Number of protein chains: 2
Amino acid sequence: MGNRGPTLEDVAREAGVSRATVSRVVNGVRNVAPDIQRSVRDAIARIGYTPNQAARSLVTRRTGTVALVLSATGRAFAARVFSDPFFGRVVDGVLPVLRERGIQPVLLVAESEQARTQLVEYLRQGGADGALVVPLDQDDPLPAMLVAAGLPTVLFGSPRDGERCGFVDLDNAAGARLAAEHLWATGRRRPATIAAPVTAPTADERLDSFRDVFAARGVTSVPVVRGRFTVDSGRRAMAKLLKDHPETDAVFAANDLMAQGACQYLREQGVAVPGTVAVVGFDDSVAARKARPQLTTVRQPVERMAAAMAGLLVEELDGGGSGPASKVFDPVLVVREST
Amino acid sequence: MGNRGPTLEDVAREAGVSRATVSRVVNGVRNVAPDIQRSVRDAIARIGYTPNQAARSLVTRRTGTVALVLSATGRAFAARVFSDPFFGRVVDGVLPVLRERGIQPVLLVAESEQARTQLVEYLRQGGADGALVVPLDQDDPLPAMLVAAGLPTVLFGSPRDGERCGFVDLDNAAGARLAAEHLWATGRRRPATIAAPVTAPTADERLDSFRDVFAARGVTSVPVVRGRFTVDSGRRAMAKLLKDHPETDAVFAANDLMAQGACQYLREQGVAVPGTVAVVGFDDSVAARKARPQLTTVRQPVERMAAAMAGLLVEELDGGGSGPASKVFDPVLVVREST
DNA sequence: GAAATGTGGGAGAGCGCTCTCCGAAACCTT
DNA sequence: AAGGTTTCGGAGAGCGCTCTCCCACATTTC
């Protein structure tokens, strides 16, 4: 606490110059004669000076920090976040962009009502210059709260109506269409889907488009079971599907983990994949390649999207003007062994 | 940015009192007459005042923030952190303790050399009041760097010699002994182990104690294969073990994920578990209960340890004196289906 | 009734830094 | 040589808050 280290003033005295000059050297602004620069740097090293961020922020109104917020409204927060490789990919995408610009990335988690309030308060008080938000649930109030607090914010996934903030997103509808058309083209006529939880941000976009493709070709009924994005829930969903609709010859799951669970269950029951039932996943996460059979899946370029998200925020932060921007990415179908 | 909101001064004017009085109300110190208190609160609500954390920190030398640092020296950082449920458990344990005290938890990740330097710099400049560090690798220089920077620090896992900081740890040796004695008692005489990577903090503590137990009973050779804490590496390790030491009748893995991989591989090869080979894991993570067969494992009370870690730091932070404290937890053997 | 005690509020000095002015010196220009 | 321009360093005014004094007044005590 009372760790009061040396200040600019101390460095100035040590180097025999003024506070202003030391500040200029530290921040590398304007011209300072080379020899004075050297003597200042020496003094800094000699007495072990570190700038005080609080003092700096007070005048610059900047912290040099950006928050990456993982937010959920439901239960089992940590279990969800620290088992789905999706978040790791987001982090992987965001970090380099921020580091490169000397911005300190800070992970914040909002796992409860209370946490969310504390978090918004923290950011309002100047905890970070902006926020990158990855909402796990569709009805998450956090983005709206941040926007209302006037904090520059960029979302992973489209904002709901009225939330005026930047975002990156995947063209989910196009991805689902890709999957549907592939299954149709390979002769499947009895598809079913393991959908996202109703609360998921992307829940119905993927589902509806998938059905539309088949509906347009005369297949009007596509059974749906909701999963919870985990391998286990995929198994359970598949079990239900197999029981209620044994004629099913194709399954489209809303993420790879659930697709993997479906494959596991099918094979355990002696159902051939892809022989009898074809399975398509979503994301193209590491799970897709590790599963056996390797999954055919809709690739979501998560790292690139995350990087873009960080890029948009950084732009908004120093560009100033022009307001929230956004970027939508195109999915690609990756055909492997499960279809 | 130029988001200059209302200040204490504005509230004071609005409420017709002095800056000092508003400050007293906001921070709830000393006596302020009830009616004045009310009028100040009204004024705050009316003009939407939020205290400026930078200004506050500048004088108090406190941020009200604690960093939870995940640090690794190797590759594939995010993949490791966001797939092993272990970290979720740590987060789950730490958060409530901090929230309860109104401390804002901030997750920091040190995934590279550069990140580590930036991070230490950030914390030295007053990014947080203290750090909770979860090192993934034994040779991680971060704890030493933080201690050197004078930051109150508490580790998950014992510090290396000379690092003078608080920590919580599991009695790993006792855990390994528990596993060994259980296997011995159930008649296993040809044990092998799937050990942690040499770089892991707990690598040899578990391994050595396990061997000691068997050595004391005349079994002097215990084959070792190193894994990488993942299911996949467990499979590979088991394959090697089965090839080189087909007589093996028991396997002790350094975490549940590897034990799970071992079980999978054994069963796929038609080797009965626990009939022919018994398997013991470590941690008692969710994976242990989800695996089939359900794993016998050494329970590490991660959440409680994490909570204690946070508690120790908080104490050091406001207690001041007395220096770094520590706490060691006892493991428990949980017998399930795999032995 | 005067002194001692307690209570509630204001004044104002910083915390460590940035950044706008200013002025002194050095360098061109015609 | 006189003026203009550029270069470089210092002075000093805050940024928004906390916190120590200090003072005015109310209450108690002998």
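Below, chain A is the first sequence line, B the second, and so on; all start at residue 1. Keep in mind that this is a model prediction, so the values were computed, not measured.
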Show which side-chain atoms of residues 33-40 of chain B pair as donor or acceptor with protein atoms under 3.5 Å away, not counting sequence neighbours.
{"unit_1": "B:Gln37", "atom_1": "OE1", "unit_2": "B:Arg41", "atom_2": "NH2", "d": "3.3"}
{"unit_1": "B:Gln37", "atom_1": "NE2", "unit_2": "B:Val32", "atom_2": "O", "d": "3.0"}
{"unit_1": "B:Ser39", "atom_1": "OG", "unit_2": "B:Ile36", "atom_2": "O", "d": "3.1"}

Donor-acceptor pairs are to be reported for all side-chain atoms of residues 102-109 of chain B against protein atoms at under 3.5 Å, with residues two or more places apart or in another chain.
none

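Regarding A:Asp10, its CG atom lies at a distance of 13 Å from the C1' atom of C:dC17, rounded to whole Å. Rounded to an integer number of Å, the gap from CZ of A:Arg13 to C1' of D:dG9 is 18 Å. Look at CG on A:Leu8: it is 13 Å from P on C:dC15, rounded to the nearest Å. Spacing between atom CZ of B:Arg19 and atom P of C:dC15 amounts to 15 Å, rounded to whole angstrom units. Distance CG (A:Asn27) to P (D:dC8): 18 Å, rounded to an integer number of Å.
When the local axes at the two ends of the helix from C:dG1-D:dC30 to C:dT30-D:dA1 are compared, using 5 base pairs at each end, they differ in direction by 40° after rounding to 10°.
In this structure A:Asp140 satisfies the salt bridge (Lys or Arg N to Asp or Glu O under 4.0 Å) test with no other residue, sequence neighbours excluded. The side-chain contact (heavy atoms from CB on, under 4.5 Å) check on B:Ser57 picks up A:Ala54, B:Gln53, B:Thr63, with sequence neighbours excluded. For B:Ser326, the side-chain contact (heavy atoms from CB on, under 4.5 Å) criterion is met by B:Phe167, not counting sequence neighbours. In terms of the side-chain contact (heavy atoms from CB on, under 4.5 Å) criterion, residue partners of A:Arg164 (sequence neighbours excluded) are, by chain and number, A:Pro324. In this view, A:Asp92 satisfies the salt bridge (Lys or Arg N to Asp or Glu O under 4.0 Å) rule with no residue, not counting sequence neighbours. Looking at residues two or more places apart in sequence or on another chain, you find no salt bridge (Lys or Arg N to Asp or Glu O under 4.0 Å) involving A:Arg24.
Taking only side-chain nitrogens and oxygens, A:Thr21 never comes nearer than 4.0 Å to OP1 or OP2 of D:dC8.
Contacts with DNA chain C (heavy atom under 4.0 Å) in residues 34-46 of chain B: B:Ile36, listed by number. Against DNA chain C, the stretch residues 52-60 of chain A makes heavy-atom approaches under 4.0 Å through A:Asn52, A:Ala55, A:Arg56, A:Leu58, A:Val59, A:Thr60.
For the pair A:Asp129 (side chain) and A:Gly64 (backbone), a donor-acceptor distance under 3.5 Å is present.
Side-chain contact between B:Leu68 and B:Val91: present, with at least one pair of heavy atoms (C-beta onward) separated by less than 4.5 Å.
Remark: of the listed residues A:Leu146, A:Val133, A:Val147, A:Val147 is the sole one forming a side chain to side chain contact (heavy atoms under 4.5 Å, CB included) with A:Cys165.
Closest to the B:Ser23 side chain, of the nucleotides D:dT18, C:dG8, D:dG10, is D:dT18.
A distance of 4.5 Å separates CZ of B:Arg46 from CD of B:Glu14, quoted to the nearest 0.5 Å.
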Interface polar pairs with nucleotides 20-27 of chain D, N/O, under 3.5 angstrom:
none

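The 5' end of DNA chain C is approached more closely, in terms of each residue's nearest nucleotide, by B:Gly16 than by the other of A:Thr7 and B:Gly16.
Using cut-offs of 30° and 60° on the angle between ring planes, the pair B:Phe156 and B:Phe86 is perpendicular.
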